[in-house]
Each structure stands twice: as structure tokens, then as C-alpha cells.
Number of protein chains: 2
Amino acid sequence: MKSHPITIKDIARVLGISPSTVSRALKDHPDISPKTKQLVQTFAEKVNYRPNALALSLRSSKTNTIGIVIPEIVHHFFSTVISGIEDVAYGKGFNAIICQTNENYQREVIDLQALIDNRVDGILVSMSKNTHDFAHFQNVQENGVPMVFFDRICEAISTDRVIADDFEGARIATKHLISKGCKKIMHLSAPQHLLIGKNRKEGFCSAMKEHQLECKEQFIVKCDTRESVFAKEDEILNLAGSIDGIFAVNDSTAIAVMQVLQRNGYNVPKDIAVVGFGDGPIADIAYPPLSTVEQKGYIIGQAAMNLLIGHIEETAIDGEFETKIFTPELVERTSSQLGKTI
Amino acid sequence: MKSHPITIKDIARVLGISPSTVSRALKDHPDISPKTKQLVQTFAEKVNYRPNALALSLRSSKTNTIGIVIPEIVHHFFSTVISGIEDVAYGKGFNAIICQTNENYQREVIDLQALIDNRVDGILVSMSKNTHDFAHFQNVQENGVPMVFFDRICEAISTDRVIADDFEGARIATKHLISKGCKKIMHLSAPQHLLIGKNRKEGFCSAMKEHQLECKEQFIVKCDTRESVFAKEDEILNLAGSIDGIFAVNDSTAIAVMQVLQRNGYNVPKDIAVVGFGDGPIADIAYPPLSTVEQKGYIIGQAAMNLLIGHIEETAIDGEFETKIFTPELVERTSSQLGKTI
DNA sequence: CTTGTTATTGCAAACGTTTTCGGAAAATTG
DNA sequence: CAATTTTCCGAAAACGTTTGCAATAACAAG
């Protein structure tokens, strides 16, 4: 069984014809007589011949494989994106090599080089948080490998991009709170050197100002994980008495803050309404169910892959790049119904 | 820039020597004079030469790539496993091609064939729910490709396997409830044609009987998703008055049932204690935080990859197969503290 | 100045395909 | 029957490597 797979040469030898004839017979080349075709094809069928993809790739310099580089697979948003990528890739006959950087710059560099070495037809990247040098991205381009960024894009590199509109998403979330009657809204924000942190905060402020509400620095707390909520519990509780709404930069932060509030006698959403960002599966499970804006990971993945295919198949114009922006949609649940007892 | 990558031949031509010399110089072969080595190496460095992995693989029939076939990436357990696989693969210089079957048998067949065609060095599989024919797995073995199953194993095929001990996990969960004082425990179970459904139910019954408690069929409700809990809400509520504990086959079912109970005036864990299975991130977020048994996805992934490497590098004995079983551990939180008010 | 060693290098085959080009046999035409 | 066209097939190169073997050069010993 460990015997080597059947090759075209094997078939040729057994049938007493040349490899070229076998090759042609297998792909219905008109030069080959019906008789020989029949002979070759049935024999190939019988021995379960399968072409060696490596040899094909080497000859055609086309691997039908794309590379995906992401910070973390174990993250609902990213795995959703991968799912979208995979599904359109599959439809077009592409395989996907997935590389996980774990937010490690060095690994990002190595992974990209490995993909180039393996001659992938294109690469989809979501940048690590710790990447501040972009030579490795340039290297991809210099090697002529099509690349598109999604979500965590690199502004210094000109490529196709697919992103969620964080600014607008935050505006939508904030305006939703305002429409529910909130006037004094707190924002739990991500670090400002990250694009999502910056954009979501600015979206928040924009919505507030549009409604002549104050966007006080004091009501903006740097806090973007479950743990950091608990760490800043005192600070948050100090402010809790003077607010009626919270917009959190992501769902797990939103849920954590609801739990802190509840443990300290506040009622969500009666006293304080809460909205998150991201719409992972946890929003539905939270108590009360969390209103949030939905980040469309699946279609972001699809869109990114489609853009990439455009460049691989050269239907897209070389050197012209597109940016696709997906605006999140509000998913209204219970947590934002200010005044309502649950 | 789109110019083809530098090859050994290019270097040879420019330097006026033969490709073989270049090849040897690059890998410090003793036959090559220091002078030539120096010349070649610095030149290769300068032009940023990178060997073509395809050509290498073709020649050596070793791709340093493994294939992963899983039902769904967007699932905390599976993405955790992948993460474990990836990390040890990376350490050993392997790339991973990931194929998602979406629980589709046809796609599983195609994916496996594609991996064989691409001459991956080994394959890790978690079977789709809808796979009842196993010829494609046999095909992998007949092609001499090492394969190990994880989690959703195929009993009909003899290979290495890595699984979580569902039976024992369920016993642990159930015994925990009993130790908290529960005597009338309901089990929300998965379909019995699935191994996890069967094993977890049997583990549940085993623990009950060990403590001289009844394992009534009537207290076993077929219900293994959030949606199915809501669909069977009436049936569950009918029984709710006569039970003091629930062991659910997975976390989201456990959380859903807590919500149903709470909405109907029951107090968890005061009136009814609840334990789940799986320990995804949602357990922590539930209200009250869910006690559950932890399925160690990350180390399952690591173990599977290590077994595979054993066969790839032939340190493992051919034809002898190992089954690694990981026993889940109890993670005790609030939901199981019978009698306690929160 | 042979002969034998040793140090370097190149040739060619191989991995499994595809494809250009040309050639032999067969079929057609006049 | 000769000339021409068609039909069918094979040789060989190419994709980018590695490697066994042969070849050359240099150099020392006799």
C-alpha cells in the first residue's frame, strides 16, 4: 500500500505508449484517436489515477492555493471570516492554508515568507496588533503575489481592503441609545492607537454631538476586556450613578459591565441601557440579551476572497485597488430598553 | 516586479557556474571550495534567493504540509483544537491546510482527495455528522498518508485517535450535582446515534446508579441546542417542579435552560442546580456563571498533531495505533450551588 | 615524468506533468 | 500510382531542485 501513487509514466509503460499520449488522452485532446483515449481512460479509471498536484503546480506556477494570515483563530469574528473565505474559495477550487500569528510580529513575517515560498496564488491578511514595520507586506507585493487585507488593514500598503465601518457602527449604536432616551452615556473604549479603538470612539462622539449631548472625557473609560472591567470596577461604579447608558467597544466588555452593575444593585436596562459591538454568539446568551451592532464576518470573508480572486484571475485591473466597507447593523435586544424592567 | 522569482539556475548563469555547484554551495556541502561558497552565498543573499518549495516537494515527495478536515471552524471547541494543532505544527515547520466540511459528506470526500492530490504529509480528521460511508478514509490509508482522528472519530477505521472522555466527563458533572445535594436530576441529551450523545448519557446514568439514584427515562429529554430548549419549553417546565438538578449535554443548552427556568420563576441554583459540558467562553458569561466540565481542545489538538508527527517521521511503529483519551475536568462556578441564592 | 591523491566542479538524471515540434503512417486526392 | 493531406503519436524540453558519478585540475610522492 505504501507503494508510490500511479503516475502517467506508469500508465504509459504498462500500455506501451508514451507519456505524452497518456497525458493528451486523459484530457480529451483531439489529436488522440478514440480508441487510444478509451484505452487510456478506462485504465486510468481502473487504477484510480490521480494527477500529482505538485507537478502540475510546478509546471504551471499555479497552485490553486491561497494563504490566510490572521491573529487568532479562536475568536468568533475571525473564524466567521475564515468560514466566508473558505466557502467561496471552495466554490472556485482553491485550498486555503491558514496561518495564525497569535499577534506575534515575527511569526507574521515568517508565515508570509512561507506562503510565498509555497507559491500560493494569493494571500489574505489581517494584521497583528504588534506589527509596526511593513517590509514583509511589501515583500509579498514585490514577489507579485496578490494580497488583500481585511479588518485589520495596513494603511501604509496600497492593496484591496475589506473593512467594517467602525465609525458608523459606533454612531449607530450610540444613536440607538439616544433614541431610547439616554442622555448621559458612558463609553468603554479600546486603546486609541488601534484603529478600532479610535474609530469607534469617534463614532460615539460624533453621534453624541449630533444630538447636542456632551461627550465628556470623564465618561470615556479605557476598558476593552472582561478582565479590565473588573479591574476598573470602582471607577465604573463611581460614575454609574450619573449615567443612563453605556456603549461598550465590544460585547464581552458590555456583558461584563452589565454583570458589575447588576451585582451592585443597578438594573439593566431599567436604570442603565447597554449596547455592545460585534454580535458574537454571546450577545444572545447574556442576561439580559445584549443589543449590539453586528459585524458581518461571513460576508467580509466572502468579499475579501472575491477581491483576491479578481486579482488572481486578473479580471481586476493591476495596480488599481478597491476598499470595501461594510456597515454594521443594529441588532436590538433587551439590554438597551431604557426604563424597562426585566 | 512581476518578474519570476530568482532560481538556482539564474544564480548559476550570472555567476558562470553550474546549478549543482550553486545548490551545494548554498547548503555548505564540503565538496565546494570556500571561495565559491562565499561567492554564491553572498550573491544569493543579495538577490534574496528563496528556494521553490514546490520543486523541493516534488523531488523529495515531502511537502511539510498537513491537512485538517473539520466540520466547522466557527465553533469554539474546533477552533481551539486547530489552535493547538497549529502551534505544534509551526514548531515543527509544518503548514496546515484547513478544510471545512460544513457537516457535508460529499465535501468531506472531495476535501480528503484534494489533500491527497496535494501530497500532504499527513491528515487530521474530525468526521462530519453525516458521514456513514468510510471508503474515503480507507482511500487515505491506501495512499499511504498518515491520518489521525480527533474528537469525532471513525470506529470503523483503525488509526490513531484522540478523544475526550465523554462518559467520564458526564459522570464527573453528574457526581458534582449529586455532591451538591441534587437527588432528582434531569438530563438534556444529544441524539443517541452520535457518540457524544450516547456516551454522555451513559456517563450520567452510571453516576446516578452509583449513588442509588434513579435514572428515569422521563427525566431524559432529547434536547441539545438553544433552539430545541425553547421548542421543548413546555415539556421542561412540566418536569421542573419535580427536579432539583439538570445536567445538559453542552453549555449553550445549559444556559438556555437556565434562562427558561428563570423566566418562569425558578431560581438557579437555589431551586435547581445546573451543570453544562464543554467550557466554552460562554460559560463564564452566563448568568449565573455556569459550572461545566472542560473539554481540553487545545491539548487535544496538540496531542493529535504529535501523534501525526510520529507517523510522518516514522518514529511511531507502522500499523500500531494509539488512542489518547483526555478526561474533562470540572470547572465549578455558581450555577451548581444548589440552595444558594444569587 | 609517471602515478596516485585530493580538491573542486559539471553532467545528467530524476521528481510528474504539459506542450511544441516534428515525423510516420494512413487516408485522401488527382 | 504519385502527391498531398490528415490523423495519430513520440521525443524532448521545461518547471526548480538535488545528487551520484565522472571529469578535470592541482599537487605530492616516487
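These numbers were taken from a predicted model, which means no experiment stands behind them. Residue numbers start from 1 in every chain, and the chains themselves are labelled A, B, ... in the order their sequence lines are given, proteins ahead of strands.
Within residues 16-38 of chain A, the residues approached by DNA chain C to less than 4.0 Å at the level of any non-hydrogen atom are A/Ser20, A/Ser23, A/Arg24, A/Lys27, in residue-number order. Contacts between residues 41-61 of chain A and DNA chain D, defined by a heavy-atom separation below 4.0 Å, involve A/Leu58, A/Arg59, listed by number.
Residues meeting the salt bridge (charged side-chain N to carboxylate O under 4.0 Å, His left out) test with B/Arg152, sequence neighbours left out: B/Glu103. B/Arg59 meets the salt bridge (charged side-chain N to carboxylate O under 4.0 Å, His left out) test with no other residue; sequence neighbours excluded. With sequence neighbours excluded, the residues forming a salt bridge (charged side-chain N to carboxylate O under 4.0 Å, His left out) with A/Lys62 are A/Asp121, listed by chain and number. Legend: residues meeting salt bridge (charged side-chain N to carboxylate O under 4.0 Å, His left out) with B/Glu108, ordered by chain and number and at least two apart, are absent. Scanning for ring pair (Phe, Tyr, Trp, His ring centres under 6.0 Å) contacts around B/Tyr105 gives B/His136, with sequence neighbours left out. In this structure, the ring pair (Phe, Tyr, Trp, His ring centres under 6.0 Å) partners of A/Phe137, at least two apart in sequence or on a different chain, are A/Phe149.
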Tell me which donor-acceptor pairs under 3.5 Å the side chains of residues 23-35 of chain B have, and how far apart each pair is, sequence neighbours excluded?
{"residue": "B/His29", "atom": "ND1", "partner": "B/Asp31", "partner atom": "N", "Å": "3.0"}
{"residue": "B/Ser33", "atom": "OG", "partner": "B/Thr36", "partner atom": "N", "Å": "3.2"}
{"residue": "B/Ser33", "atom": "OG", "partner": "B/Thr36", "partner atom": "OG1", "Å": "2.5"}

Report all side-chain donor-acceptor pairs from residues 42-49 of chain A shorter than 3.5 Å, counting only partners two or more places apart or in another chain.
{"residue": "A/Thr42", "atom": "OG1", "partner": "A/Gln38", "partner atom": "O", "Å": "3.0"}
{"residue": "A/Thr42", "atom": "OG1", "partner": "A/Leu39", "partner atom": "O", "Å": "3.1"}

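Listed here is the closest heavy atom pair of A/Asn95 and B/Cys99: ND2-SG, 4.2 Å. When every heavy atom of A/Ile300 is checked against every heavy atom of A/Ile163, the shortest pair comes out as CD1-C, 4.4 Å. Nearest heavy atoms, B/Phe150 versus B/Ser126: O-OG, 3.0 Å. Shortest non-hydrogen contact noted between A/Ala12 and A/Ser18 is CB-C, 3.7 Å.
Classification of A/Lys92 and A/Asp87 as a salt-bridged pair fails, no side-chain N sitting under 4.0 Å from a carboxylate O.
Contacts between chain B and DNA chain C, taken as any atom within less than 4.0 angstrom of a protein heavy atom, begin and end at C/dT8 to C/dG16.
Across the protein-nucleic acid pair, B/Lys62 atom NZ and D/dT17 atom P stand 18 Å apart, rounded to whole Å. Straight-line distance from the CG atom of A/Leu15 to the C1' atom of D/dG10: 15 Å, rounded to whole Å.
Note on the helix from C/dC1-D/dG30 to C/dG30-D/dC1: terminal axis deviation equals 70°, with five pairs used at each end and the result rounded to 10°.
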